[in-house]
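For reference, the structure is listed below as structure tokens.
Note on naming: letters A, B, ... go to the chains in the order of the sequence lines (proteins, then strands), and numbering restarts at 1 for each one.
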Amino acid sequence: MAQKPSIPKGTRDFNPEEVSKRNYIFNTIKKQFEIFGFQPIETPSFENSSTLMGKYGEEGDRLIFKILNSGDFLSKVDDELYTAKDSTKITSRISEKALRYDLTVPFARYVVQHQNEIDFPFKRYQIQPVWRADRPQKGRFREFFQCDADVVGSDSLWQEVEFVQLYDAVFSALDLKGVTIKINNRKILSGIAEVIGAQDKLIDFTVALDKLDKIGEEKVKIEMLGKGIPQSGIDKLQPLFSLKGSFGTQIEELKSILNTSEEGKKGIEELEFINQGIETLGLKTANLQLDVTLARGLNYYTGAIFEVAAPEGVKMGSIGGGGRYDDLTGIFGLKDMSGVGISFGLDRIALVLEDLDLFPETVTNTVNVLFINFGDAEAMVSMKAIKQLRDNGVSAELFPDNKKTIKQFNYANKRNIPFVVLLGESEMHSNTFTLKNMKTGDQESLSFDEMLNALQ
RNA sequence: GUGGUUGUAGCUCAGCUGGUUAGAGCGUCGGUUUGUGGUACCGAAAGUCGCCGGUUCGAACCCGGUCUUCCACCCCA
């Protein structure tokens with residue numbers, strides 16, 4: 001055997017069974033998106049670098065796959081730049097395009113570019129692959145699918161309520177019960193930072209706070225101190241570390257912490273509105289949980305922040321995330337356009353469903369009936385019957401080669417084909433079909449119409 | 001990007017402290033007179049032991065690099 005070919009790290013091939021399973025998830029999500037009134041769009045797999053660079057922070061820029069210019073790209077690099085070996089500067093000269101990193105920024109670009117054709121509020125969904133030059137881990141790939149639903153052009157909090165409902169609807173439809181939808185609000189985080197005198201260190205503060213359940217209270221405090229947050233401020237945070245209980249009790253606790261911060265109070269109001277909406281409307285299988293340590297996507301989120309955790313006992317990073325971004329289209333020059341959206345991590349959801357064995361048995365499509373090949377004369381008659389079966393919506397096929405019957409039966413077994421038709425010399429003469437049920441082993445001699453009836 | 005980990009037939013793995021022609025199970029293919037299967041029996045094919053280089057009389061095994069796997073950090077779906 002020659003040297004084995006391979007695929008780049010963090011990418012995957014999908015076999016027929018895997019594709020079927022993934023399509024099942026896609027279709028379920030898509031159906032709910034449409035039921036909720038979202039419309040599909042697609043954007044190119046690569047964008048101008050200038051569209052993407054700088055939108056995800058320094059870390060994000062590093063993880064964007066850059067596409068090398070065509071032609072003699074080095075000719076644009078002068079000797080001085082070349083000798084300096086400054087990767088960042090050289091990159092901007094030799095690469096002007098980059099692979100899509102997420103679906104939100106391209107969507108913002110889309111909205112700005114097509115603002116005159118769009119009827120606002122615009123509810124769009126988008127299911128496409130994205131690429132990140134990350135180091136792969138379990139559930140972390142360099143090419144993966146995101147399923148995004150966003151609304152732009154409305155700052156109504158009913159949208160947030162709707163997105164919580166949408167998460168619940170999708171995960172319920174997938175029979176993935178007990179997911180936790182965590183919610184937080186950027187304004188609360190800003191408010192806390194304000195109260196403890198660390199407005200200018202919001203990101204450092206939240207990054208540290210985000211690690212609370214992972215590294216514990218003490219280490220979080222140490223990290224905050226290290227980032228220059230004063231001890232007096234950290235002391236004020238004390239009630240936050242022991243924040244527990246229901247949505248309502250946590251809100252009360254937050255009110256007392258944030259009573260001096262206007263922004264913080266605004267955040268609390270927003271959370272209460274969303275929570276009240278959800279309490280009244282109810283959720284099918286998901287739980288909504290306030291989590292003040294949740295701090296994702298702060299580079300652009302301005303209000304609500306969402307993250308979905310798999311049901312307890314499943315070891316997996318978040319399977320969904322999202323939030324409100326008042327200023328997103330602002331970076332592309334369109335002011336005062338508020339947006340809010342959520343994302344489903346298809347690949348991780350697939351891993352979780354696999355883990356919990358939640359895929360329906362019927363997801364894998366296989367042909368319904370295989371005709372055994374006994375030679376060209378018989379095959380011709382078989383093909384006529386197959387053509388009629390197909391015209392009637394029955395998936396059927398002929399084994400292409402006149403191999404030993406035992407081989408043909410083995411093939412049917414391996415492909416999980418439920419029915420086999422034997423059409424040999426005697427059937428040809430009597431104008432009948434011997435239909436065998438491969439599960440039960442039963443077989444009977446039928447006319448075409450009887451066979452069609454049995455297979456439909 | 002940092003630190004660690006993994007890599008032997010299609011798949012899952014074995015291979016003792018480096019020593020002659022690298023093994024097993026499953027799968028594949030062929031056969032048990034090409035009209036009946038998923039279970040039986042017989043037989044066969046299949047590996048530059050991830051790749052490159054080094055140490056050694058000799059390396060799947062030791063050393064270095066590189067790629068890959070998985071994990072932690074970072075970040076994130």
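Residue side chain A/Phe144 meets the stacking definition with respect to B/A77: its ring centre sits within less than 5.5 angstrom of the base's six-membered ring centre, and the planes differ by less than 30 degrees.
Residue A/Glu58 is out of contact with every strand shown, counting any heavy-atom pair closer than 4.0 Å. Heavy atoms of A/Lys436 sit under 4.0 angstrom from at least one base atom. The residue A/Asn410 sits close only to the backbone: its heavy atoms come under 4.0 Å of sugar-phosphate atoms, none of a base. Contact annotation for A/Gly320: backbone-only contact, meaning every heavy-atom pair under 4.0 Å involves sugar-phosphate atoms and none involves a base.
Against RNA chain B, the stretch residues 445-456 of chain A makes no heavy-atom approach under 4.0 Å. Within residues 17-35 of chain A, no residue approaches RNA chain B, by heavy-atom distance under 4.0 Å.
The distance between atom CE of A/Met438 and atom C1' of B/G37, rounded to the nearest whole Å, is 5 Å. A straight line from CD of A/Gln443 to C1' of B/G35 spans 9 Å, rounded to a whole angstrom. As a whole-Å value, the separation of A/Arg132 CZ from B/C74 P is 17 Å.
For A/Arg415 against B/G38, a side-chain-to-base donor-acceptor contact under 3.5 Å is absent. With hydrogens and angles left out, the side chain of A/Glu427 and the base of B/G35 share a donor-acceptor pair within 3.5 Å.
In terms of phosphate contacts, A/Lys138 brings no side-chain nitrogen or oxygen within less than 4.0 Å of OP1 or OP2 of B/A72. Between A/Lys404 and B/U32, a side-chain N or O to OP1/OP2 separation shorter than 4.0 Å is present.
Here the options are A/Phe344, A/Phe145, A/Tyr125, A/Phe33, the test is ring pair (Phe, Tyr, Trp, His ring centres under 6.0 Å), and the partner is A/Phe26; only A/Phe145 passes. If you run side chain to side chain donor-acceptor pair (under 3.5 Å) between A/Ser338 and each of A/Asp327, A/Asp326, A/Asp155, only A/Asp326 comes through.
Base-pair partner of B/G30: B/C42 (Watson-Crick or G-U wobble, both distances under 3.5 Å).
Along RNA chain B, the nucleotide nearest to A/Ile406 and the one nearest to A/Asn402 differ in position, and the one closer to the 5' end is contacted by A/Asn402.
Under 4.0 Å is where a charged nitrogen must lie from a carboxylate oxygen, and between A/Asp442 and A/Lys436 no such pair does. By the 4.0 Å N-to-carboxylate-O rule, A/Lys21 lies close enough to A/Glu354 to be salt-bridged with it.
Candidate nucleotides B/A77, B/C74, B/G35 were compared by shortest atom distance to the side chain of A/Ser318, and B/A77 ranks first.
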